[in-house]
Protein chains: 2
Amino acid sequence: MRIGELAQQAGITTRTLRHYESLGLLPARRTGNGYRTYDEEDLRLLRQIRTLADFGFGLEETRPFVECLRAGHPAGDSCPASLEVYRRKLAELDDCIEDLQRVRAEVGAQLARAELARAALQAEADIPGGPPPRCAFTPPDTAPGSSKP
Amino acid sequence: MRIGELAQQAGITTRTLRHYESLGLLPARRTGNGYRTYDEEDLRLLRQIRTLADFGFGLEETRPFVECLRAGHPAGDSCPASLEVYRRKLAELDDCIEDLQRVRAEVGAQLARAELARAALQAEADIPGGPPPRCAFTPPDTAPGSSKP
DNA sequence: GTAGACCTTGACGTCGGCGTCAAGGCCAGC
DNA sequence: GCTGGCCTTGACGCCGACGTCAAGGTCTAC
């Protein structure tokens with residue numbers, strides 16, 4: 001199978017396949033005219049790469065999995081090096097999720113605070129005399145928010 | 001204050017300040033000799049930028065906050081445009097966290113599965129006759145895992 | 001023989017937020 | 001005047017995973 005067909009089967013572009021080859025991740029045999037040629041095994045390797053890449057693994061991180069498959073093991077994660085990548089990725093994901101959750105909480109709090117502040121200003125603007133006084137007494141001169149009577 | 005001093009006060013580099021200026025985010029006045037000069041207000045704007053940037057906001061996303069401060073509002077998030085950025089960021093964070101949690105679950109499951117598979121293979125290797133039979137009866141010919149006696 | 005669909009290599013562009021030179025100007029202290 | 005420390009602009013580098021264009025070779029069908 002040639003590069004175009006493999007790309008189509010895998011739902012990627014030929015550029016991507018050439019990129020993988022340039023990294024030594026998925027080298028190709030060549031036909032007489034110099035065209036790249038692939039077989040079903042290459043499709044398996046490619047699927048392994050894409051599965052991990054879609055999970056957010058860097059291409060270098062997929063290498064142990066590909067080499068594991070190429071060594072004849074039943075699955076890409078049958079080798080210790082692959083498991084180590086899994087573990088590192090899990091730790092990385094946990095750190096990242098934790099960070100994002102902290103940020104999310106901070107931003108959410110800021111938004112709530114800012115919306116309250118705006119609501120307060122709005123209330124002030126709605127009532128030209130300022131916020132409703134807590135008692136019937138109205139101060140003689142220094143009424144807040146009455147700069148534009 | 002000159003660029004080096006502002007950078008030091010903010011804990012960033014002069015390159016970063018020049019970068020912000022090139023984006024029009026934090027323009028500087030100039031002294032007679034062409035040196036950039038900043039005041040306390042610029043430090044406020046810069047602090048606003050850095051706070052958001054440290055939260056993972058893109059520099060363009062900090063612009064509404066900076067413009068809000070520059071317009072004389074009490075806080076960078078006193079303006080509707082800033083609140084809109086907050087809300088978009090929250091949605092973005094939620095999506096991202098959700099994605100990462102899904103991936104984390106998937107990777108965790110894969111790791112568990114692969115570890116189990118390896119443990120099974122290990123057990124098979126430890127006992128040359130294959131896994132211990134569930135009863136005393138040993139099958140005559142088709143003993144599993146005994147391809148290498 | 002020629003159009004068109006496929007393939008080749010090479011090289012530059014993208015996105016963000018700067019880092020890192022390079023070549024030179026300005027100013028203070030000795 | 002001269003050293004050293006600050007400043008200036010300009011321009012290329014980096015990271016990752018490709019996109020995109022250019023110039024050309026190969027094969028099939030008509």
* To do: Check whether more than 12 heavy atoms from other residues, nucleotides or ligands sit under 6.0 Å from atom CD of B/Glu115, and answer yes or no.
  => yes

* Asked: Over how many whole Å does the gap from A/Ile49 atom CD1 to D/dG16 atom P extend?
  -> 17 Å

* Under 4.0 Å between a side-chain N/O of B/Asn33 and OP1 or OP2 of C/dC27, yes or no? -> yes

* For A/Arg18, which contact category applies under a 4.0 Å heavy-atom criterion: base, sugar-phosphate, or nothing? -> base

* Asked: How many Å lie between CG on A/Leu17 and P on C/dT9, as a whole number?
  -> 13 Å

* Asked: Does the distance from a Lys or Arg side-chain N to an Asp or Glu carboxylate O, for A/Glu84 and A/Arg87, drop under 4.0 Å?
  -> yes

* Heavy-atom donor-acceptor pair, A/Gln101 side chain to A/Glu98 backbone, under 3.5 Å -> no

* Keeping the roles fixed (side chain from A/Arg118, backbone from B/Ser78), state whether a donor-acceptor pair exists under 3.5 Å. => yes

* Going 5' to 3' along nucleotides 15-22 of chain C, which nucleotides have protein heavy atoms under 4.0 Å from the base (write B), which only from the sugar-phosphate (write S), and which from neither (write -)? -> --BBBB--

* **Interatomic distance where OH belongs to A/Tyr35 and P belongs to D/dT26 [whole Å]** => 8 Å

* Structure fact -> Applied to residues 49-98 of chain B, the ring pair (Phe, Tyr, Trp, His ring centres under 6.0 Å) test, sequence neighbours excluded, yields B/Phe65-B/Tyr86

* Asked: How long is the line joining CG of A/Leu25 and C1' of D/dG16, in whole Å?
  -> 14 Å

* Asked: For A/Met1 and C/dC6, what is the distance between atoms CE and C1' respectively, to the nearest whole Å?
  -> 16 Å

* How close or far is atom P of C/dC7 from atom CD of A/Glu21, stated in whole angstroms? -> 13 Å

* Nearest-Å distance for atom pair CZ/C1', residues A/Arg30 and C/dT8 -> 8 Å

* Taking only the side-chain nitrogens and oxygens of A/Arg36, find out if one of them lies under 4.0 Å from OP1 or OP2 of C/dT8. => yes

* To do: Step through the shown structure and confirm whether more than 12 heavy atoms of other residues, nucleotides or ligands are within 6.0 Å of CD on A/Glu40.
  => no

* **Partner of B/Asp42 by side chain to side chain donor-acceptor pair (under 3.5 Å), out of B/Arg29, B/Arg70, B/Arg36** => B/Arg29

* Starting at CD1 of A/Ile3 and ending at P of C/dT8, how long is that distance when rounded to a whole Å? -> 5 Å

